[in-house]
K.L.:
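Could you have a look at this structure, given as structure tokens, before my questions?
Note on naming: letters A, B, ... go to the chains in the order of the sequence lines (proteins, then strands), and numbering restarts at 1 for each one.
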Number of protein chains: 2
Amino acid sequence: MTNRLEDLLFTLQAAVTLEDLQAVLESLRDHYNVEHTVYHWVNSVGERYGAGTYSAEWVDRYLEKDYLRMDPVIFGCFQRFTPVSWKELDWSSKPAREMWQDALDHGLGNQGYTIPIRGPSGQFALFTLNASLSDEEWAQFIDDNARDLMILGHEFNKKALEFEQWGEDGSVPALSPRELESMSCLARGMSRAQAAAELNISEHTLRVYIESSRHKLGAMNTTHAVARALSAGIIII
Amino acid sequence: MTNRLEDLLFTLQAAVTLEDLQAVLESLRDHYNVEHTVYHWVNSVGERYGAGTYSAEWVDRYLEKDYLRMDPVIFGCFQRFTPVSWKELDWSSKPAREMWQDALDHGLGNQGYTIPIRGPSGQFALFTLNASLSDEEWAQFIDDNARDLMILGHEFNKKALEFEQWGEDGSVPALSPRELESMSCLARGMSRAQAAAELNISEHTLRVYIESSRHKLGAMNTTHAVARALSAGIIII
DNA sequence: TTGAAACTCCCCATAAATAGCGAGGCAGCG
DNA sequence: CGCTGCCTCGCTATTTATGGGGAGTTTCAA
């Protein structure tokens with residue numbers, strides 16, 4: 001790792017505002033001589049947050065076309081633990097190919113590398129580099145910098161979590177043990193009658209737990225409550 | 001990073017059995033000249049999996065006394081993103097102090113450093129180093145090796161996920177675009193009527209998508225289907 | 001071009017979930 | 001000693017979801 005990169009890490013660790021993060025990302029882009037550097041996350045209620053060097057046009061376009069819901073980068077990273085080079089992903093679907101072309105038209109390079117990063121309470125973030133290079137050059141670049149990039153991604157996420165106090169406050173409601181068990185049973189496919197039998201309580205009592213879970217999670221219905229509980233990482237299937 | 005550590009990383013990446021992981025952990029302990037090195041994960045049903053250099057007696061003791069349910073290291077790491085030195089944790093409760101003493105009596109060193117690692121579908125693992133050193137020496141050791149340890153922890157988790165095919169296999173059924181949209185709407189709390197309106201289709205049509213999604217996902221009901229889709233990472237709230 | 005898969009729509013009957021009203025016992029906390 | 005939160009149980013009525021049937025178009029790939 002060069003001294004320049006150490007400087008950037010130091011600047012990152014000293015960051016106190018979103019603008020600081022943005023500045024570090026821009027310095028990083030210049031340091032690596034790539035097209036774009038981006039850090040962003042998607043949380044359990046669908047709120048987004050991010051910083052990076054994408055043009056405002058592309059960001060607007062991305063949101064307007066709701067690419068978030070079909071972006072192979074997002075889905076690919078969400079299902080994996082390890083970072084991924086964009087060309088390894090599945091771009092075979094028509095909307096994906098259209099998005100890819102759209103991205104190229106908006107100034108993105110043909111190569112990308114995205115690191116999935118997960119934090120407490122189901123937090124999920126992505127750290128991305130985008131460049132215009134041949135496959136060979138890109139593979140070499142990744143090979144040379146993968147570890148540094150992972151450290152950088154984690155430092156960005158650490159900062160972002162500090163900003164948002166993710167999970168420190170009551171942002172993820174605490175469910176009681178019985179409520180968690182109820183949610184877990186439902187997530188595993190049991191009907192209310194089955195779940196009640198599993199927990200050795202009356203179906204009515206189970207219903208009370210489901211209701212209180214729903215209210216705590218701010219959910220519209222049982223499915224929503226289970227989805228939020230899963231997404232927040234307070235239950236797993 | 002020394003060549004010796006590079007060798008260990010190479011060995012780790014070539015590992016194909018649990019015994020290989022165990023061997024790498026032992027080499028790692030010797031390399032760092034610490035008391036213990038451990039990698040393990042914990043899932044929601046309390047199933048464990050791990051490898052490390054703790055004595056069989058301590059592992060048995062830990063399980064027998066159900067320390068898993070109150071271990072400050074587990075709880076602390078579960079709530080944080082960043083690695084933690086054990087002395088930073090809250091050991092004020094009586095059971096925690098008793099466990100601490102018990103651990104010392106079973107050959108653990110007085111210093112520990114644990115890295116929380118998260119993978120897809122709520123997977124959660126810990127990579128731990130334990131040693132007998134003064135606070136100053138330990139702080140210096142961590143300062144010198146934090147980045148290498150993070151890389152190592154992630155490589156261990158990558159291997160463990162490969163062993164268990166944790167979500168990385170191709171066994172996730174492919175839903176059609178409309179089916180995915182239907183699941184996504186339901187996961188975000190819409191009723192069938194609302195979701196149908198959102199997708200500009202009749203409620204009957206939406207029902208067809210939900211049914212087909214359920215069958216493809218092998219789910220017992222809608223909530224189960226949404227839970228599986230979320231867990232598989234094919235939809236994101 | 002043929003066929004599979006996706007997409008769209010409809011009816012009917014039953015099962016399940018939701019909303020509202022209750023109630024009491026038990027633990028921990030200030 | 002109240003307060004709050006958790007755990008447990010009951011009733012009624014309404015809304016919503018599910019399971020079974022069928023049938024037509026479009027779209028994309030073999």
K.L.:
Would you please indicate yes or no on a ring centroid separation below 6.0 angstrom for A:H154 and B:H154?
P.N.:
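For B:H154 and A:H154, the ring centres are under 6.0 Å apart.
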K.L.:
Please find out if less than 6.0 Å separates the ring center of A:Y32 from that of A:F141.
P.N.:
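A:Y32 vs A:F141: aromatic centres under 6.0 Å.
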K.L.:
Bend angle of the helix from C:dT1-D:dA30 to C:dG30-D:dC1 from five-pair axes at both ends, rounded to 10°?
P.N.:
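Roughly 70° between the end axes, to the nearest 10°.
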K.L.:
Within the 3.5 Å criterion, strictly below it, is a donor on B:S176 or B:E179 matched to an acceptor on the partner's side chain?
P.N.:
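A donor-acceptor contact under 3.5 Å links the two side chains.
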K.L.:
Take atom CG of B:L199 and atom C1' of C:dT8, then tell me their distance rounded to the nearest Å.
P.N.:
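Nearest whole value for this atom pair: 13 Å.
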K.L.:
For A:L175 and D:dC7, what is the distance between atoms CG and C1' respectively, to the nearest whole Å?
P.N.:
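After rounding, the reported distance stands at 15 Å.
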K.L.:
Is the distance from OP1 or OP2 of C:dA6 to the nearest side-chain N or O of B:Y209 less than 4.0 Å?
P.N.:
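No, because none of the side-chain N or O atoms of B:Y209 sits under 4.0 Å from OP1 or OP2 of C:dA6.
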K.L.:
Between protein and nucleotides 16-30 of chain C, map the contacts as a letter string: B base, S sugar-phosphate only, - none, heavy atoms under 4.0 Å, written 5' to 3'.
P.N.:
-BBBB----------
K.L.:
If only side-chain N and O atoms of B:K216 are considered, is one of them under 4.0 Å from the OP1 or OP2 phosphate oxygen of C:dA6?
P.N.:
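Answer is yes, contact under 4.0 Å.
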K.L.:
Return yes when atom CE of A:M220 has more than 12 non-hydrogen atoms of other residues, nucleotides or ligands closer than 6.0 Å, and no otherwise.
P.N.:
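12 or below, so no.
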K.L.:
Whether A:D135 and A:K87 form a salt bridge (side-chain N of Lys/Arg under 4.0 Å from carboxylate O of Asp/Glu) is what I want to check.
P.N.:
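A salt bridge is present here (some side-chain N lies under 4.0 Å from a carboxylate O).
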K.L.:
Taking ring-ring contact (aromatic ring centres under 6.0 Å, His included) as the criterion, tell me which of A:F75, A:F81, A:F78, A:W41 meets it with A:F124.
P.N.:
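Single pass found, and it is A:F78.
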K.L.:
Describe, in one word, how the ring planes of B:W100 and B:W86 are oriented to each other, choosing from parallel (under 30°), tilted (30 to 60°) and perpendicular (over 60°).
P.N.:
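Answer is perpendicular, since the angle exceeds 60°.
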K.L.:
Does either side chain, that of B:S184 or that of B:R188, offer a donor lying less than 3.5 Å from an acceptor on the other one?
P.N.:
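Per modelled atom types, B:S184 and B:R188 side chains form a pair under 3.5 Å.
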K.L.:
Please write out each protein N/O paired with an N/O of nucleotides 23-30 of chain D under 3.5 Å, distance rounded to 0.1 Å.
P.N.:
unit_1	atom_1	unit_2	atom_2	d
D:dC28	OP1	A:K94	NZ	3.4

K.L.:
On the nucleotide D:dC7, are OP1 or OP2 found under 4.0 Å from the side-chain N or O atoms that A:T205 carries?
P.N.:
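The answer is no; no side-chain N or O of A:T205 sits under 4.0 Å from OP1 or OP2.
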K.L.:
Between A:N157 and A:Y39, does any side-chain donor sit less than 3.5 Å from a side-chain acceptor?
P.N.:
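A:Y39 and A:N157 do have a side-chain donor-acceptor pair below 3.5 Å.
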K.L.:
Students often get this wrong, so: under 4.0 angstrom with heavy atoms, is A:S176 touching a base, only sugar-phosphate, or nothing?
P.N.:
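If one applies the 4.0 Å heavy-atom cut-off, A:S176 turns out to touch the sugar-phosphate alone, with no base involved.
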K.L.:
Less than 4.0 Å between a side-chain N and a carboxylate O, is that true for A:K65 and A:D102?
P.N.:
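A salt bridge is absent here (no side-chain N lies under 4.0 Å from a carboxylate O).
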K.L.:
Decide ring pair (Phe, Tyr, Trp, His ring centres under 6.0 Å) for A:F127 and A:F156; before the verdict, give the C-alpha distance in whole Å, the side-chain angles of both, and the deciding distance to 0.1 Å.
P.N.:
CA-CA 8 Å; A:F127 178 57; A:F156 270 103; 5.3 Å; yes
K.L.:
Counting side-chain heavy atoms from CB outward, which of D:dC9, D:dC7, C:dC7 is closest to A:R178?
P.N.:
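When the side chain of A:R178 is considered, D:dC7 is the closest of D:dC9, D:dC7, C:dC7.
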